[in-house]
Each structure stands twice: as structure tokens, then as C-alpha cells.
Amino acid sequence: MRVSRLMLVTLRDDPAEAEIPSHKLLLRAGYIRRVASGIYAYLPLLFRVLQKISAIVREELNATGALETLLPQLQPADLWERSGRWSGYTAGEGIMFHLRDRQGRELGLGPTHEEVVTALAADLLRSYRQLPVNLYQIQTKFRDEIRPRFGLMRGREFIMKDGYSFHANEASLQDSYGEMDRAYRRIFSRCGLRTVAVEADSGAIGGSASQEFMVTAEAGEDLILSSGDGLYAANQERAVSLAAAALPLAAQPCRELDTPGQTSIEDLCAAHGFDPSQIVKVLLLVARCADGSLLPVLVSLRGDQLLNAVKLANGVSARLAPEQGTLLSIEPLTADLVRSERLPLDLSAIPFGSLGPDLSDGTLVATAAPTPTQVLAGSGNAALATAAQLRLVPKLLRLTDPTAAELETFVCGGNNPDKHRVGATWAGLGLAPELVDLRAAQSGDRCLHDPEQTLTAARGIEVGHIFQLGRKYSEALGARFTNESGAEEALWMGCYGIGVSRLAQAAVEQNHDSNGICWPVAIAPFEVIVVIANLQEPAQHLLGEELYTSLLAAGLDALLDDRDERAGVKFKDADLLGIPWRVVVGRGAKEGQVELVQRQGSVKRELAAAELIAELSALIKAGRSGLLA
RNA sequence: CGGGGCGUGGCGCAGCUUGGUAGCGCGGGUGCUUUGGGAGCACUAGGUCGCAGGUUCGAAUCCUGUCGCCCCGACCA
């Protein structure tokens, strides 16, 4: 390809719309253009990058025996209703774009394809003899992100490779999961990316084991915690660790303590000389469920620990009654929530700042009785207020983190304003704590696998995620097969994603310098750019054309900068574009000398044009294998 | 959705406080000079000042509404 024919428009200034380096560079170098928030045109240069990434993905997946397919993006609502995800994905802050067709049928634009592929499996896979099967596709996904950002990093329309495997038993699923793990490591290495595999929360997709692949970069949206020995790495959402030992509080009879205005752990410690680890911190939250019910949740944590919201949501989800459906959200009980949910609650009757783990169920119920003024002040609609009251589950879901439960004697709120208790015990409060890991692991914590190791934090961009889904979808959608003994059972499933367009940008985030992008050879839009320094010099022009033709003939992806621009302009653009190798045909052209420059590190050397092809072929062919070597 | 900010030639911005009919840099076109790190000179084209109301003799500027975009938090490849 010739630069003069490339529709290349580079920008000298950083576009105002971009914040992080990769986004700025992709815009400046003419790889992408924004069409609407979170929606981008992939220009010809980026399209070549996407094709190269896709080719690597295909090679590695095909090598495992996976089958490429292409599934519909427009999907009927009833499929999603069968899996129970329609309301969660469309209602409220749901992520699925959805619409009605001319017949009034509801459809969604696919944010993922578990439902469609499972329905197909139900149709096609009947016997254990057909298993296992692994299907994948590379196509555009749609997600109405709450906040699109950072260009391709979090778009509303993006390219994803998603794969789904089907198995006759869990062991086979685990085999494929392991095989995908290995394939993913090869894919990212071949792309030239430094990634780290971390244990992950499986989120809305559900399932058991799951692992994310993170491109390490400052601009990453995720926090990774890992041990120095390399044996443990996890997303902070999921990470576990050993909490520091608590400072024991002497056993003593439980007594009430006056704590006027002391509503925080810091206040209590400052006023009475407690250590935060001697206090049980109690949080009151409300979970919104798909059926409209509102479940109050009382969380107990050790005072020096932080709540991990993802762990809490998982813990609550697992405890919802079937008729409550899925968990839509969980948030602290605040005045804002009372207003937005029209809850007939009098928050001033709840002793925030002095909550104890034994807060009675009646506390909420008692305040929940709507007074005439509240009914009038609220929506002015008594029926609504009563409805909201009915939606409020009258019993607290009490969850306790082990760090709190392990305290033999502790300080906690007295369920009365300005009162706390010292010397409380779980038995003394008449409680048998329901244990759930709810604490957020932090950088610096000791590791579970080896207390000598501590966790350190790094930021990462999630480019891949693999899950063992189990039978959640196959059961919901009736995807059953006949096993060896002639009995019917649900298929075991795995699912495996790679954010292809995100990966392209992550590669830039990890590989750039002050002059522009430095693509890894394996995914660069072109492998080498021939720059004719001065097009007006016949010797340069001739030699440049000649080398360009030979590079193409040698099977290299070559670009020729044949623009009648000053050399400086062409050098700047070549750096910005990030082509890994540059051949400068300039002053030495008459003597048959050219300059070879490696983009990464700007390493330069002169050599005879006659030797160029052989030299460069070897270098580029080595580079094509990325970090595998 | 909550909090913060921005919409002015293709791009980056000034002008707005204190209303008087739009400017700078880059980019585009033409010509001459230049030619190894985003050249110089000259000429030139290009703007419903996001949109809609309002105030005013007069609005980019003041007021109201609305749309779009970006950043910080909850969702995910």
C-alpha cells in the first residue's frame, strides 16, 4: 500500500475527546474516528490490525479443534426470558439495547450469546457421542454501557471473540477450560502483549471458576492483586488474603458506653482508645430484586476492614428466594434511596452510627408504617407508598465477615443513638453469625497460600475472560443430551471471551512512546514502511519503488511513503503510525545505501540496499511470533 | 443516574466577566523558494458561534429550555 492512497489523515494536536495515551494516539494517527459516544469507525489502518489479531485468534482456536461460526446479533426476547436475564439486562440500568419490531415482538441486540448458542446446542447436540464441542465467533457486540469511555476500551459497540463449549461432564469442561487457558496465553503472547492471568469474579454471566487475562497498563480500569512469588493473582473484586491479626479486647462483662456524636470508627477510637480491629462495624444496605422486592441487608465487618461490594452482591444473590429473581442492585440505605424508591421509611428513627449486629428486624418495620404526613409528602399517593411498604422484606438478611465473627469480645453499636457496647460477644447478643467473605483484600495483605508473601497492586486492562459456566444456561434453556447410560441430562458449558477491538487499543497502551505508537510486529497494520526522503530525487524515488516491490515479493507487509512531503513530515508520521520497521531511502540512495530503523527504541543502521530484503525478512519473521520465542 | 466541565471554520483554542455583528495557531487550495525530523513568503477558500425560545435598537456574549460530548463513581471483553 502507498501512503498517498491510504486516506491517511494524521492530527498534530491531541483531540479534546481523548484522555489516555492509546486513545489519543489512535485518533491522531488516523486509526479510528468517533461516530457517537462509545461508537467508533475502524479506519483502514485499524482494520488491518483487527484482521491480524483475528487471524491469530483463529489459528490458535482452530488448532484446539474449536469451530468458527457466526450467530445473530438480533435476538428474540423470549430466549432471554427463558434464561432469566431479559429483565436484568433491559430494565433500569440494563446493558442491552432492545427494540420492538413492526409486529410488536421484542428483540435485543446481543451483548453476548449464551442464550442463542445454548438454544442451538439444545437443537443440535443430542448424544454424548457428539461431545465435546467448542463453538466460537468473532463479531460485533452491543452494550449500552452506563459510561462509555477511553475510545475502544469501553465502547457501546465493540468486536469480541466469544466461544462456548459443551460437555458431557464436568471433567471434560475442565479439560477444555484448561485448553482455552493455554490457547489464550499463546494468543496474547503472539500478539506481543504482556498479560497476567488472574482469578476473577464471574459477574453477570454466572458460573463457577473464572479467570481474566489482563494487559498490564497504568490506564487499566481494573485493580490486580498479586503475590511476589507469582503463585497468586486475582482481580481485587475477587481477591482473598489474610487480614492482620486483631488486637484482642480483654474479656469483660458487656456494658453500655456513652458515645455522644461518635458515629465513625475513627471517632470511637479517638475518644476511647480502642483499636479499629476491636470494633464490629455494621452497615445497613438495601438490595433491589427483579421482582420489585427490597431486601434490607445488615453487614458486619471488623472495624479496620473494607467492604468488597462484589463479594457482597454475590453473597446476597446466592441467598435470594427463587421468586425474587435476580439481584438488580445493592446500595446503602440513604435518604436518596428512600426518595428514589419512595420508601415510607423514617430514617431518623434508625440509629445510624450506632448500629449493632443485633439490630432488630422490627427497627425497619416499625419505621415503615407510613404516617399520614409521609404519605402526603411523598408522592401524595397513599397507594404507592403502601405498595413500596409491601415490597420491603420485613426480615433483615444478616451477613458477617469472618474477621468480625472471629472476635471473641468486641465493641459494637448499641442500636441507640449515642450508645455503644463494650465487651459484647456473639453469643451474648444472641446471634449465630452467617459467615460470608465480604472484606476487600488490600495491597500489603499477607497471602493465603503463603503468609510470607504479600499482595501488591497493579492496574490492568481486561482483554480476555474464561468461565466454567456449568449447567446454568443448559438447564434454563433445556439443552439436554443422552449420556452413556441412556439418561438425559443437561450439558456442561464453558464460555470464553476476548475483546478484539479492546485488545488493539490495549496493545497501544502498552506499546507507545512520546513520538507515537510502537506496534508489536505481529499485529502491526504494516510490518515495514519505506520512506523516500525526497521524492524529487530520481535515484531515491527509483530505489524506493524497487525496494517496496521486493519487500512485497518477499512476503512482507510493506507500506511505501510516496508522498511529495518533506522528509521530516514523513518521519513524524511513520513514528506516529508505529510501523515496527522503517527503511529510509535518502542521501545514500545513489551509492545503494539505505537506513534501517527499528521503531521501538529508534535503533538505526546503514546497510546496502542489496542486503536489505534478506536482513529484514529474518527480523520480521522472528517478530511475527510475538513474545513466544 | 448523581457530581464536575465543554460545545466558536476540518483539528486545537481565544473572544463571553463589562452585548456593538468573529479572531489566532495548525490543516486545505494556488504560486515561488526550500528539501533528512511536523519549512518560509505571498495569495486564497472555508464559520447557521450545538439547537430552540426570550431580553434588547442590537446577542457568540445576558436569561430559559433542550441536545450532544468529555471527566469522576456503580456495569463489562
Side-chain angles (χ1 to χ4, degrees), chain A residues 9-20 23-24 27-28 30 33-39 88-89 92-96 111-112 138-163 184 200-205 212-215 221-222 235 237 309-310 313 328-332 334 336-337 339-340 461-467 495-506 515-516 531-537 540 564-576 582 584-589 595 597 602 604:
Chain A
V9 178
T10 57
L11 305 174
R12 192 183 292 236
D13 300 312
D14 282 336
E17 72 189 68
E19 193 74 10
I20 62 174
H23 188 194
K24 288 178 181 172
L27 283 164
R28 279 189 57 205
R33 283 285 162 133
R34 190 181 63 77
V35 173
S37 178
I39 301 177
Y89 269 65
E93 297 198 333
I95 209 166
M96 183 151 64
T112 176
I138 296 175
Q139 67 147 232
T140 297
K141 293 280 189 286
F142 299 90
R143 289 184 190 169
D144 193 0
E145 290 288 345
I146 298 163
R147 182 151 91 87
R149 62 180 138 180
F150 302 148
L152 306 183
M153 221 58 116
R154 177 172 301 281
R156 295 193 294 168
E157 182 181 317
F158 59 97
I159 300 173
M160 177 174 168
K161 185 290 291 184
D162 53 326
Y184 272 40
D201 180 72
S202 44
I205 293 175
E212 289 168 337
F213 294 85
M214 299 285 191
V215 169
E221 294 186 271
D222 287 280
N235 193 310
E237 294 174 350
V310 172
L328 298 182
S329 73
I330 180 158
E331 45 195 309
T334 60
D336 276 349
L337 185 71
R339 206 175 314 116
S340 66
I461 300 163
E462 182 187 355
V463 291
H465 200 159
I466 59 178
F467 302 77
C495 94
Y496 318 96
I498 292 179
V500 173
S501 46
R502 177 185 281 183
L503 189 153
Q505 184 169 335
N515 293 318
V531 175
I532 301 173
N534 185 348
L535 203 70
Q536 305 304 322
E537 285 289 336
Q540 294 185 18
D564 191 6
E565 289 284 352
R566 298 168 62 84
V569 172
K570 290 185 272 200
F571 294 155
K572 285 285 186 192
D573 275 344
D575 285 349
L576 185 57
R582 181 169 94 216
V584 182
V585 184
R587 296 192 194 99
E595 186 184 52
V597 187
S602 297
K604 303 179 184 180

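Just so we're clear, the structure is a prediction, and the values are computed from it rather than from any experiment.
For the P atoms, the distance from G38(B) to C49(B) is 38 Å, rounded to whole Å. Comparing the P positions of C11(B) and U48(B) gives a spacing of 14 Å, expressed to the nearest Å. Taking atom P in both G12(B) and U21(B), one finds a spacing of 27 Å when rounded to whole Å. Taking atom C1' in both G9(B) and G28(B), the straight-line distance is 11 Å, to the nearest Å. With both ends at atom C1', the span from G7(B) to C75(B) equals 28 Å, rounded to whole Å. For the C1' atom pair drawn from C69(B) and C26(B), the interatomic distance equals 22 Å after rounding to whole Å. Across C67(B) and G23(B), the matching P atoms stand 33 Å from one another, rounded to whole Å. Comparing the same atom, P, in A60(B) and in G19(B) gives a spacing of 14 Å after rounding to whole Å.
The distance between atom CD of Glu212(A) and atom P of A77(B), rounded to the nearest whole Å, is 7 Å. Remark: P of A77(B) and CG of Asp222(A) are 10 Å apart, rounded to the nearest angstrom. At whole-Å resolution of the value, CD in Glu237(A) and P in G73(B) are 14 Å apart. In this structure, CD of Glu462(A) is placed 13 Å from P of C75(B), rounded to the nearest angstrom. Rounded to an integer number of Å, the gap from Glu331(A) CD to C75(B) P is 11 Å. Rounded to whole angstrom, the span from the CE atom of Met214(A) across to the P atom of C76(B) amounts to 13 Å. Whole-Å rounding puts the His465(A) NE2 to C76(B) P distance at 10 Å. Atom CG in Asp13(A) sits roughly 15 Å away from atom C1' in G9(B) (whole-Å rounding).
With sequence neighbours excluded, the residues forming a side chain to side chain donor-acceptor pair (under 3.5 Å) with Arg582(A) are Asp575(A), listed by chain and number. Residues meeting the salt bridge (Lys or Arg N to Asp or Glu O under 4.0 Å) test with Lys572(A), sequence neighbours left out: none. Not counting sequence neighbours, the partners of Ala504(A) by the side-chain contact (heavy atoms from CB on, under 4.5 Å) test are Leu46(A), Val49(A), Leu50(A), Ile53(A). A search for ring-ring contact (aromatic ring centres under 6.0 Å, His included) contacts involving Tyr496(A) returns nothing, not counting sequence neighbours. Every residue was checked against the side-chain contact (heavy atoms from CB on, under 4.5 Å) condition with Asp13(A), not counting sequence neighbours, and none meets it. The side chain to side chain donor-acceptor pair (under 3.5 Å) test applied to Lys161(A) returns Tyr184(A), not counting sequence neighbours. Scanning for side chain to side chain donor-acceptor pair (under 3.5 Å) contacts around Lys24(A) gives an empty result, with sequence neighbours left out.
Nucleotide U21(B) forms no Watson-Crick or G-U wobble pair with any nucleotide shown, as no partner meets the under 3.5 Å limit on both distances. The partner of U30(B) is A42(B), by the rule that a Watson-Crick or G-U pair needs both atom distances under 3.5 Å. Applying the Watson-Crick and G-U wobble criteria (two distances, each under 3.5 Å), A74(B) pairs with nothing in any strand. With a cut-off of 3.5 Å on both pairing distances, the Watson-Crick or G-U wobble partner of C62(B) is G54(B).
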Protein-to-nucleotide contact annotation, 5' to 3' order, nucleotides 31-38 of chain B [B base; S sugar-phosphate only; - none; under 4.0 Å, heavy atom]: ---BSBBB
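Contacts of Met96(A) with the nucleic acid, taken as non-hydrogen atoms under 4.0 Å apart, are absent. Here Gly155(A) lies in heavy-atom contact (under 4.0 Å) with a base.
Residues Arg587(A) and Glu537(A) are not paired through a salt bridge, judged by the lack of any N-O separation under 4.0 Å between the basic side chain and the carboxylate. Salt-bridge check for Arg154(A) with Glu221(A): passed, with a basic side-chain N closer than 4.0 Å to an acidic carboxylate O. A salt bridge is absent between Arg156(A) and Glu145(A): the closest approach of a Lys/Arg side-chain nitrogen to an acidic carboxylate oxygen does not fall below 4.0 angstrom.
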Under 3.5 Å, which N/O atoms of the protein pair with N/O atoms of nucleotides 68-71 of chain B?
{"from": "C69(B)", "atom 1": "OP1", "to": "Ser37(A)", "atom 2": "N", "distance (Å)": "3.0"}
{"from": "C70(B)", "atom 1": "OP2", "to": "Ser37(A)", "atom 2": "OG", "distance (Å)": "2.9"}

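Checked by atom type, the side-chain pair Gln540(A)/Asn534(A) shows no donor-acceptor distance below 3.5 Å.
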